[in-house]
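Worksheet for the structure shown next.
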There are 2 protein chains.
Amino acid sequence: MLSKKTKYGIKALTYLASQSKQDPVQISEIARHENIPQKFLESILLTLRNTGFLGSKKGKGGGYYLLKDPGEIPMTTVIRVLEGPIAMVPCVSLNFYEKCDDCPDENKCTVHKLMLQVRDSVLEVYRNNTLADLISA
Amino acid sequence: MLSKKTKYGIKALTYLASQSKQDPVQISEIARHENIPQKFLESILLTLRNTGFLGSKKGKGGGYYLLKDPGEIPMTTVIRVLEGPIAMVPCVSLNFYEKCDDCPDENKCTVHKLMLQVRDSVLEVYRNNTLADLISA
DNA sequence: AATTAATCTATTAAAACTATAGGGTAAACA
DNA sequence: TGTTTACCCTATAGTTTTAATAGATTAATT
């Protein structure tokens, strides 16, 4: 299951990406428009800022704004920051690899074999979708 | 993340599928061979029995055995029973559909749009893999 | 300089889910 | 009738998720 954190994060990013002007947008506006609990959204936007997706401006007229062109943001990077590993099992993860405690030999593990295929197919979907792709009709 | 329940369940099923004879196999043997906590495995095998994948026999010489040919068991059915919905969001689930609370219009939701693609690609992987495919070298 | 509108930080709490353990019951077999 | 094995119910420690609360900090505007 996708966490609400990730769901809300993607919604916020696409809302920002679909703005005509790239002026800062207030948290409250995003929260209202996308039906997201404001304080929860606040912490999500913060991690998106700390990981280089968003810039922020404090004080009157402040808010959040995208730092890059939506077409330059593949969903692989978004998902990894918000949700964590894309792989369903650590032993097939590219960025978060870990060996299984059980399982003496990965190459003979049927779960490994299956989840490798799942990882590859999901990865391809995320790679083929940028923020720009998601907001285009 | 794949739950251990699902991971252990798949391992148990493939262990049973790879037996040369289709005599009943004891829980303890599966647990030992696949490094699965026995009591946990017990409950997993029970749900696999109640959902029609396994048969069981009590008493001496008892144990669990596959009811169908491994080639007739696609992973879609296994995953749905052990892990639940394949979709990452209920609003794109085929068998467990639910509308989102937020989100007035699914067709305009970027998360929906992305997760539809993920569901389809994962589904294809599971459909293309039966138990028999997993145990073949 | 005062005010106000924002973002930032930290704590914590409820709820749900996960992974397991314990102990007793029932059936099959020898 | 005794042994072996699956079956069933209950409890629980731990983790993760999803927030809510309260306040501190920053910066533009007046």
Side-chain angles (χ1 to χ4, degrees), chain A residues 1-12 16 23-32 34-51 53-67 79 81-85 88-90 96 98 100-102 111, chain B residues 1-12 16 23-32 34-51 53-67 81-85 88-90 96 98 100-102:
Chain A
M1 276 287 272
L2 200 72
S3 68
K4 294 213 172 176
K5 179 181 177 183
T6 304
K7 188 184 179 187
Y8 291 159
I10 294 175
K11 282 194 165 192
L16 290 174
D23 292 335
V25 179
Q26 297 168 26
I27 296 176
S28 60
E29 181 185 334
I30 305 174
R32 208 178 329 115
E34 298 292 333
N35 295 305
I36 304 173
Q38 179 156 343
K39 273 295 182 180
F40 195 9
L41 178 58
E42 208 176 301
S43 71
I44 296 169
L45 292 177
L46 213 49
T47 68
L48 287 174
R49 202 211 58 164
N50 292 334
T51 48
F53 291 93
L54 300 179
S56 66
K57 203 180 162 191
K58 286 187 181 179
K60 203 166 192 173
Y64 283 94
Y65 51 91
L66 279 180
L67 285 178
I79 295 286
V81 160
L82 292 172
E83 189 77 3
M88 298 196 68
V89 174
F96 302 84
E98 246 177 88
C100 294
D101 294 336
D102 53 325
V111 177
Chain B
M1 274 287 271
L2 201 71
S3 68
K4 295 213 169 174
K5 179 182 177 184
T6 304
K7 186 184 180 187
Y8 292 160
I10 294 174
K11 282 194 164 192
L16 289 175
D23 292 336
V25 180
Q26 298 168 28
I27 297 176
S28 60
E29 181 185 334
I30 305 174
R32 207 179 328 115
E34 298 293 332
N35 295 305
I36 303 172
Q38 179 156 345
K39 272 293 186 180
F40 195 11
L41 177 60
E42 200 177 306
S43 71
I44 296 168
L45 293 177
L46 215 47
T47 69
L48 287 174
R49 203 209 60 163
N50 292 333
T51 48
F53 291 94
L54 300 179
S56 65
K57 204 180 162 190
K58 287 185 180 179
K60 197 165 192 175
Y64 284 95
Y65 51 91
L66 279 179
L67 285 178
V81 160
L82 292 172
E83 188 77 3
M88 297 194 69
V89 174
F96 303 84
E98 248 178 88
C100 294
D101 294 337
D102 52 325

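Letters go in sequence order (proteins before strands), and every chain restarts at 1. Small disclaimer: the values here were computed from a predicted structure and weren't measured.
A donor and an acceptor atom, one from each side chain of B:Q38 and B:S28, are nowhere located under 3.5 Å apart.
Remark: P of C:dA26 and CG of B:L46 are 16 Å apart, rounded to the nearest angstrom. Atom pair B:D23:CG and D:dT5:C1' shows a separation of 15 Å (rounding to whole Å applied). If you take CG of A:L41 and C1' of D:dT21, they are 17 Å apart, rounded to a whole angstrom. As rounded to whole Å, 18 Å separates atom P of D:dT5 from atom CG of B:L54. Between the OH atom of A:Y65 and the P atom of C:dT7 there is a distance of 12 Å, given to the nearest Å. Atom OH of A:Y64 is separated from atom P of C:dT7 by 6 Å (rounded to the nearest Å). For the pair B:N35 CG and C:dT20 P, the computed distance is 12 Å after rounding to whole Å. Between the C1' atom of D:dT5 and the CD1 atom of B:I30 lies a distance of 13 Å, rounded to the nearest Å.
In this structure, A:D101 and B:N35 have side chains that are not in contact, with every pair of non-hydrogen atoms separated by 4.5 Å or more. Between A:Y8 and A:P37 the shortest side-chain heavy-atom distance falls below 4.5 Å. Side chains of B:L54 and B:L67 form no contact here, defined as non-hydrogen atoms less than 4.5 Å apart. A:D102 has its side chain within reach of B:K7: a pair of non-hydrogen atoms, C-beta onward, lies under 4.5 Å apart. Contact of the B:T6 side chain with the A:V111 side chain is not registered, since no non-hydrogen atoms from C-beta on lie closer than 4.5 Å. Side-chain contact between A:V81 and A:F53 is present, with heavy atoms from C-beta onward closer than 4.5 Å. Between B:F40 and B:K5 the shortest side-chain heavy-atom distance falls below 4.5 Å.
Residue contacts for A:E42: at a heavy-atom cut-off of 4.0 Å it reaches a base atom on one of the strands shown. Backbone-only engagement by B:I27 is indicated by non-hydrogen atom pairs under 4.0 Å involving sugar-phosphate atoms exclusively.
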Report, one pair per line, the protein and nucleotides 10-19 of chain C atoms (nitrogen or oxygen only) whose separation is under 3.5 Å.
residue: C:dA19; atom: OP1; partner: B:K4; partner atom: N; Å: 3.0
residue: C:dA19; atom: OP2; partner: B:K4; partner atom: N; Å: 3.2

Report all interatomic pairs (protein N or O, nucleotide N or O of nucleotides 27-30 of chain D) with separations under 3.5 Å.
none

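Within the structure, a side-chain polar atom (N or O) of A:R49 is placed less than 4.0 Å from OP1 or OP2 of C:dC8. In this structure, A:S43 does not reach the C:dT9 phosphate: none of its side-chain N or O atoms is under 4.0 Å from OP1 or OP2.
A salt bridge links A:K39 and A:E42; the closest N-O separation between the charged side-chain nitrogens and carboxylate oxygens is under 4.0 Å.
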